[in-house]
Amino acid sequence: MPKTDTPEYRKHVYDLVRRIPKGRIMTYGQIAIVLGEGYTPRTVGYVMRNANVDNVPWQRVINSKGGCSTGRILAPHDIQQQLLEAEGVEFNERGFCRVEEYRWEPR
DNA sequence: GGGTTGACGCAGA
DNA sequence: TTCTGCGCCAACC
């Protein structure tokens with residue numbers, strides 16, 4: 001079972017995130033299921049936290065609520081909605097988007 | 001080695 | 001529908 005501390009583990013997550021098309025999103029749970037290998041939303045989130053300093057569109061990765069708990073991240077919460085809106089993702093007043101509609105699954 | 005926290009998810013009230 | 005609690009796995013103190 002891989003660990004999040006290994007570059008391989010993180011690369012796996014990063015690669016999947018980079019595959020997300022423009023104007024699409026993925027939830028932590030979805031990623032955890034797709035990666036399998038004992039991945040859990042927690043571990044995925046842990047990796048994403050470090051992805052902040054990487055060339056990964058981490059803003060496309062959100063929680064099941066369709067939003068992002070940006071209040072706990074190191075980066076400003078404005079970029080999340082801003083970048084996604086630039087890609088065509090619509091957000092409501094609460095700062096949430098329709099996950100069921102924008103959710104993308106790799107194959 | 002043990003306890004707490006966390007970019008989460010789901011079930012229950 | 002929204003809020004609260006519990007569980008999950010790994011990292012941090």
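FYI, side chains are in, hydrogens and waters are out, and symmetry mates aren't considered; it's all heavy atoms of this structure. Protein chains get the first letters and strands the later ones, always in sequence-line order, with residue 1 at the start of each.
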Participant: Got a salt bridge between D54(A) and K11(A), using NZ or NE/NH1/NH2 to carboxylate O under 4.0 Å?
Facilitator: no
Participant: As a quick check of understanding, evaluate side-chain contact (heavy atoms from CB on, under 4.5 Å) for V13(A) and M48(A), giving each step before the final call.
Facilitator: CA-CA 8 Å; V13(A) 179; M48(A) 298 308 295; 3.6 Å; yes
Participant: Please report, rounded to the nearest Å, how far the C1' atom of dT1(C) is from the CG atom of N92(A).
Facilitator: 14 Å
Participant: Without decimals, in angstroms, what is the distance between Y28(A) OH and dG7(C) P?
Facilitator: 23 Å
Participant: Does S64(A) or Y46(A) map to a spot on DNA chain B nearer the 5' end, using the closest nucleotide for each?
Facilitator: Y46(A)
Participant: When you match R49(A) and T40(A) each to their closest nucleotide on DNA chain C, which lands nearer the 5' end?
Facilitator: T40(A)
Participant: Within the structure shown, what part of the strands sits under 4.0 Å from N52(A) by heavy-atom distance: base, sugar-phosphate, or nothing?
Facilitator: base
Participant: I31(A) CD1 to dG9(B) P: how many Å, rounded?
Facilitator: 10 Å
Participant: Compute whether any side-chain donor of one residue and acceptor of the other, for Y9(A) and T43(A), lie under 3.5 angstrom apart.
Facilitator: yes
Participant: Side chain of W58(A) only, heavy atoms from C-beta on: which candidate in dA7(B), dC9(C), dA11(C) is closest?
Facilitator: dA7(B)
Participant: Could you tell me the separation between the NZ atom of K3(A) and the C1' atom of dC9(C), rounded to a whole number of Å?
Facilitator: 11 Å
Participant: Closest to the D5(A) side chain: dG9(B), dC9(C), dA11(C)?
Facilitator: dA11(C)
Participant: Is any side-chain heavy atom of V34(A) closer than 4.5 Å to a side-chain heavy atom of M26(A)?
Facilitator: yes
Participant: Just wondering, more than 12 heavy atoms not from R18(A) lying within 6.0 Å of its CZ?
Facilitator: yes
Participant: Using only side-chain N and O atoms of R94(A), determine if any of them is under 4.0 Å from OP1 or OP2 of dT2(C).
Facilitator: yes
Participant: Roughly, in whole Å, what's the span from CE in M48(A) to P in dG6(B)?
Facilitator: 18 Å
Participant: Using whole Å, what does the distance between atom P of nucleotide dA11(C) and atom CG of N50(A) come to?
Facilitator: 12 Å
Participant: Among dA11(C), dT2(C), dG9(B), which nucleotide has an atom closest to any side-chain atom of P41(A)?
Facilitator: dG9(B)
Participant: Roughly, in whole Å, what's the span from CZ in R10(A) to P in dC9(C)?
Facilitator: 22 Å
Participant: Atom CD1 of I33(A) to atom P of dC8(C): distance rounded to whole Å?
Facilitator: 16 Å
